[in-house]
Amino acid sequence: MDGYTYYGVALMRRPGPGLAQGIVTHRPRAAVDPILAARQYTIYQETVASAGWRIHEVETAPDLPDSVFVEDPVVVCGNLAVLTRSGADTRRGEVDGVEASVRLLGLEVARIEAPGTLDGGDVLQVGPTVYVGVGGRTNADGAAQLEQLVKPLGREVVRVELGRALHLKSAVTALPDGSLIGLPDLVDTGALPPIRRATEEPGAHVLPLGGRDVLVSAAAHETIHELAAEGWKVLPVDISEFEKLEACVTCLSVLIPDQGEEG
């Protein structure tokens with residue numbers, strides 16, 4: 001076992017029939033094929049499971065089109081699940097089903113309260129550092145509340161001002177060794193360590209699955225080759241239907257490492 005290895009539960013939520021009505025902010029709306037999306041979700045889930053994660057599905061929410069993006073309603077830090085309060089008020093109902101799941105998993109629960117707003121997609125955890133993107137979906141009050149909740153766990157919150165990015169992790173993610181990869185032009189890089197510039201937009205999004213396993217969009221052709229050449233075990237997944245809704249590989253799951261296993 002190397003220093004990156006950890007396994008546990010992967011929280012996921014199956015897409016509902018209204019997926020095509022999900023929010024689109026920064027790109028033109030494109031037709032979404034719900035049948036293809038369901039197939040892609042299943043393959044994504046199988047890929048995560050193949051890397052050693054136990055899948056826990058949150059109850060589906062047919063009336064909430066964006067609910068498949070389970071990353072946004074909750075931030076898990078150690079044994080603490082922080083239920084968020086999205087800056088998009090139409091997404092706030094997604095929290096209920098997620099709360100039931102994290103309680104079932106035995107996590108402690110806290111929540112972001114008004115007037116704070118926070119989306120999980122704005123939270124990038126790299127070791128003891130928690131980078132929080134402040135912009136359209138997450139405000140300064142939400143970031144401050146998260147800081148108070150995770151500080152006792154030994155985590156340091158660093159705020160990052162967002163530019164044209166929907167979420168922080170729409171622009172920047174982290175490889176298993178903690179190095180950042182992304183599109184630095186979309187965020188204020190002053191608060192961040194050096195960012196490796198992604199060769200293509202989908203390559204800005206990586207999801208470490210433990211060990212040297214890294215989940216990457218199948219659309220990131222050059223990034224896949226680069227990471228593989230560096231010795232990472234790259235697991236490409238086609239999420240084209242979700243990418244039409246500004247999603248990336250991190251949006252479709254919340255990884256909850258077994259306590260004592262996180263590297």
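These numbers come from the heavy atoms of this one structure, side chains and all, not from hydrogens, waters or symmetry mates. Position 1 is the first residue of the sequence, and the numbers go up from there.
For the residue pair Y44 and Q40, no side-chain donor N or O sits within less than 3.5 Å of a side-chain acceptor on the partner.
Between E94 and F69 there is no side-chain heavy-atom pair separated by less than 4.5 Å. Proximity of P176 to V214: side-chain heavy atoms (C-beta onward) are separated by under 4.5 Å at one or more points. In this structure, L180 and P193 have side chains that are in contact, with non-hydrogen atoms separated by less than 4.5 Å. You'll find the side chain of E147 reaches within 4.5 Å of the side chain of R159, heavy atoms only. The shortest side-chain heavy-atom distance between T173 and L207 does not fall under the 4.5 Å cut-off. Counting only heavy atoms from C-beta outward, the side chains of V206 and L227 approach each other to under 4.5 Å. Two residues are said to be in side-chain contact when any heavy atoms from C-beta on lie closer than 4.5 Å; Q148 and V157 fail this criterion.
For the salt bridge (charged side-chain N to carboxylate O under 4.0 Å, His left out) condition, the pairs that include at least one residue of residues 105-117, sequence neighbours left out, are E99-R111. For residues 161-172, the set of pairs meeting the side chain to side chain donor-acceptor pair (under 3.5 Å) definition, not counting sequence neighbours, comprises E71-K169, D119-H167.
For A10, the side chain to side chain contact (heavy atoms under 4.5 Å, CB included) partners at least two apart in sequence or on another chain are V48, W53, I55, L255. For the side chain to side chain contact (heavy atoms under 4.5 Å, CB included) test, residues two or more places apart in sequence or in another chain that qualify with P65 are Q21.
No donor-acceptor pair closer than 3.5 Å links the side chain of R196 to the backbone N or O of S179. Looking only at distances, a side-chain donor or acceptor of D72 sits under 3.5 Å from a matching main-chain atom of G121.
Hydrophobic cluster membership of I35, counting Ile, Leu, Val, Met, Phe, Trp and Tyr whose side-chain heavy atoms lie under 4.5 Å apart directly or via other members: none, as it forms a cluster of its own. Residue V58 belongs to a hydrophobic cluster whose other members are V9, L11, V70, V74, V76, L83, V95, V98, V102, L105, L107, V109, V254, I256, with links defined by side-chain heavy atoms closer than 4.5 Å.
Atom CZ of R39 is surrounded by 12 or fewer heavy atoms from other residues, nucleotides or ligands within 6.0 Å.
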| message | Walk me through whether D258 and R54 qualify under salt bridge (Lys or Arg N to Asp or Glu O under 4.0 Å). | response | CA-CA 10 Å; D258 292 333; R54 306 184 301 278; 2.9 Å; yes
